[in-house]
Chemist: 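I am attaching a structure below and will ask some questions about it afterwards.
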2 protein chains.
Amino acid sequence: MVIRNPDKTRTALINAAFEEINQNGFQAASLNNILNETDVTKGALYHHFPSKLDLGYAVVDELISEAMNESWVVPLENSNNIIDSLLSLIDRSIKCRDDESICLGCPLNNLAQEMSPIDEGFRERINAIFDRWRSAIADGLSKGQTDGIVKETISADASAYFIVAAIEGATSLAKNAKSVDVLKTSLQGLKEHIQTLRN
Amino acid sequence: MVIRNPDKTRTALINAAFEEINQNGFQAASLNNILNETDVTKGALYHHFPSKLDLGYAVVDELISEAMNESWVVPLENSNNIIDSLLSLIDRSIKCRDDESICLGCPLNNLAQEMSPIDEGFRERINAIFDRWRSAIADGLSKGQTDGIVKETISADASAYFIVAAIEGATSLAKNAKSVDVLKTSLQGLKEHIQTLRN
DNA sequence: ATACATACATACTGGTCGGTATGTATAACA
DNA sequence: TGTTATACATACCGACCAGTATGTATGTAT
């Protein structure tokens, strides 16, 4: 490499690490594979990241976290009708899936399952992302209740937990079945449930 | 080892492998750790199992699969009221959890997340188990419909997918949050949903 | 032009991994 | 009692791993 571009190098490493981790998990992710994919050398990698763990943390903090914000948190915070927004966001999360990408499941959930019992740093980061997601839903439901859109009888907090759980579970089932149809079918029940939250 | 007991040796290996895999995942599971736990030697292990992969398959086929049958499939098949049975089985799955075991999540889901994109042998085995579970629920709901216990308007198949997804998702969230309360709260929504399936 | 920090590059290390080669003790069977 | 398959035990192998030591080229500030 003759022309230097440290930011680009760093981003390339994070992106490649995301792919490798998403395919093989964090522990089985090979730094050498990441280096081969990016044409970055080991010296450069360890210049930007003190360890494999820190590279993994950066993937969560700078890539997965941002993706969650863009696709869920921000749209939910800007929504005026939480029910409609949830339904359309769920639809969008189905539509942007093909039979290939479905096999990799939800990157956040993958990492959560693998790393949360093993490494507290991962667990806290991942948990914070889930929390922001769930809070955005819970806040939306609460606001919907004061606006008269959402039933007063339900618990916004419990409903939010349940919705997040159902989405993650559906993605997980679909991943294992290698089938977008399984995702659709599993989320159909969720969509009907969300309809029942209307006032 | 002076007195031989090949069956016991084999079972000990499978049990220890289950623990190790459940803690660290399959790929990161160390055969040496399993051998240390069991006081079995590597020669004995490779006498009983041709490879690490086959040991993993045996854990799924002979341990996880059986546990799923005992705790879900058989009770559901013997049930006369699917709604009541589901609710009590869900309650039982909450009660048998403490803050320690919650951190390891659902062994089946853990393996599914890690191995289904990587190894087709694991994927098929795991998928078959999920299928039996889901089918038992779907069959129960269908039977409930003919018995007049369950609403005619719902799709038994879609509901079964949704229920399994919600349970797995809730377990997954609770694992990441290290909290039985998260499991309870997430499943509360599911229980309310199941109540609405009553005729 | 000089000095210095940043951004790489290369070669290597110790350790762990799954797997194997080979040998030996035990049990079953003739 | 002799034979043979089973059930282990030990020592070792090559491959791969994350990480490091060391060196060099590049950009930047003075």
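What you see is a predicted model; the values in this text were computed from it and never measured. Each chain gets a letter, A, B and so on, in the order its sequence line appears, and its residues count up from 1.
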Chemist: Output all residues satisfying salt bridge (charged side-chain N to carboxylate O under 4.0 Å, His left out) with A/E19, sequence neighbours left out; order by chain, then residue number.
Modeler: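 Result, salt bridge (charged side-chain N to carboxylate O under 4.0 Å, His left out) vs A/E19: none returned.
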Chemist: Which residues, if any, of residues 44-55 of chain A bring a heavy atom under 4.0 Å of DNA chain C?
Modeler: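 Correct list: A/A44, A/H47, A/H48.
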Chemist: Check whether the side chains of A/E114 and B/Q113 place a donor and an acceptor atom closer than 3.5 Å, and report yes or no.
Modeler: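 Not at all, the side chains of A/E114 and B/Q113 share no donor-acceptor pair under 3.5 Å.
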Chemist: Within residues 21-37 of chain B, find the residues that approach DNA chain C with a heavy atom at under 4.0 Å, and present them sorted by residue number.
Modeler: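 Nucleic-acid contacts, sorted: B/A29, B/S30, B/L31, B/N32.
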Chemist: Sort by first number and list every stem of DNA chain D: at least 3 consecutive Watson-Crick or G-U wobble pairs, both distances under 3.5 Å.
Modeler: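 So the stems come out as C:1-30 with D:1-30.
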Chemist: Measure from CD on B/E20 to C1' on C/dG18 and round the result to the nearest Å.
Modeler: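 Going from B/E20 (CD) to C/dG18 (C1'), I get 14 Å.
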Chemist: Measure from CG on A/L13 to P on C/dC8 and round the result to the nearest Å.
Modeler: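 From A/L13 CG to C/dC8 P: 9 Å.
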Chemist: Tell me every residue that passes salt bridge (charged side-chain N to carboxylate O under 4.0 Å, His left out) with B/K143, counting only those two or more places apart in sequence or in another chain.
Modeler: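 In terms of salt bridge (charged side-chain N to carboxylate O under 4.0 Å, His left out), with neighbours along the sequence ignored, B/K143 is linked to B/D147.
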Chemist: Go through the structure and list residues passing side-chain hydrogen bond (donor to acceptor under 3.5 Å, both in side chains) with A/E124, not counting sequence neighbours.
Modeler: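 For A/E124, no residue satisfies side-chain hydrogen bond (donor to acceptor under 3.5 Å, both in side chains) once neighbours in sequence are set aside.
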Chemist: So, using salt bridge (charged side-chain N to carboxylate O under 4.0 Å, His left out) as the criterion, who are the partners of A/E37 when residues are at least two apart?
Modeler: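 Salt bridge (charged side-chain N to carboxylate O under 4.0 Å, His left out) check on A/E37 returns nothing, list empty.
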Chemist: Does anything in residues 94-108 of chain B pair up under side chain to side chain donor-acceptor pair (under 3.5 Å), and if so which pairs, sequence neighbours excluded?
Modeler: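 Passing the test, one end in residues 94-108 of chain B: no pairs.
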Chemist: Just the rounded figure in Å: distance from C1' of C/dT10 to CG of A/D39.
Modeler: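 Going from CG in A/D39 over to C1' in C/dT10 covers 15 Å.
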Chemist: With respect to the side chain of A/T41, which nucleotide from C/dA9, C/dT20, C/dA7 is positioned closest?
Modeler: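 Of the candidates, C/dA9 comes closest.
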Chemist: Report yes or no: is there a donor-acceptor pair, N or O only, under 3.5 Å between the side chain of B/R4 and the base of D/dA7?
Modeler: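 Donor-acceptor pair under 3.5 Å: yes.
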Chemist: Just the rounded figure in Å: distance from P of D/dC16 to NZ of A/K42.
Modeler: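 Going from A/K42 (NZ) to D/dC16 (P), I get 13 Å.
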Chemist: Apply salt bridge (charged side-chain N to carboxylate O under 4.0 Å, His left out) to B/R92 and list each qualifying residue two or more places apart in sequence or on a separate chain.
Modeler: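 Checked B/R92 against salt bridge (charged side-chain N to carboxylate O under 4.0 Å, His left out); zero matches.
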Chemist: I'd like to check the side-chain hydrogen bond (donor to acceptor under 3.5 Å, both in side chains) partners of B/N33; sequence neighbours left out, ordered by chain and number.
Modeler: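 Expected list: B/E20.
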Chemist: May I have the distance from B/N5 (atom CG) to D/dT6 (atom P), rounded to whole angstrom?
Modeler: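 Nearest whole value for this atom pair: 17 Å.
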Chemist: Pair up each side-chain donor or acceptor in residues 148-166 of chain B with any protein partner under 3.5 Å, not counting sequence neighbours, and list the distances.
Modeler:
{"from": "B/K151", "atom 1": "NZ", "to": "B/T196", "atom 2": "O", "distance (Å)": "2.9"}
{"from": "B/S155", "atom 1": "OG", "to": "B/A158", "atom 2": "N", "distance (Å)": "3.1"}
{"from": "B/S159", "atom 1": "OG", "to": "B/S155", "atom 2": "O", "distance (Å)": "3.1"}

Chemist: For residues B/N110 and B/K175, is any side-chain donor paired with an opposing acceptor at under 3.5 Å?
Modeler: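 B/N110 vs B/K175: donor-acceptor pair found between side chains.
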Chemist: Looking at residues at least two apart in the chain, or sitting in another chain, which of them share a side-chain hydrogen bond (donor to acceptor under 3.5 Å, both in side chains) with B/Y57?
Modeler: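 Scan of B/Y57 (side-chain hydrogen bond (donor to acceptor under 3.5 Å, both in side chains), adjacent residues dropped) gives B/D119.
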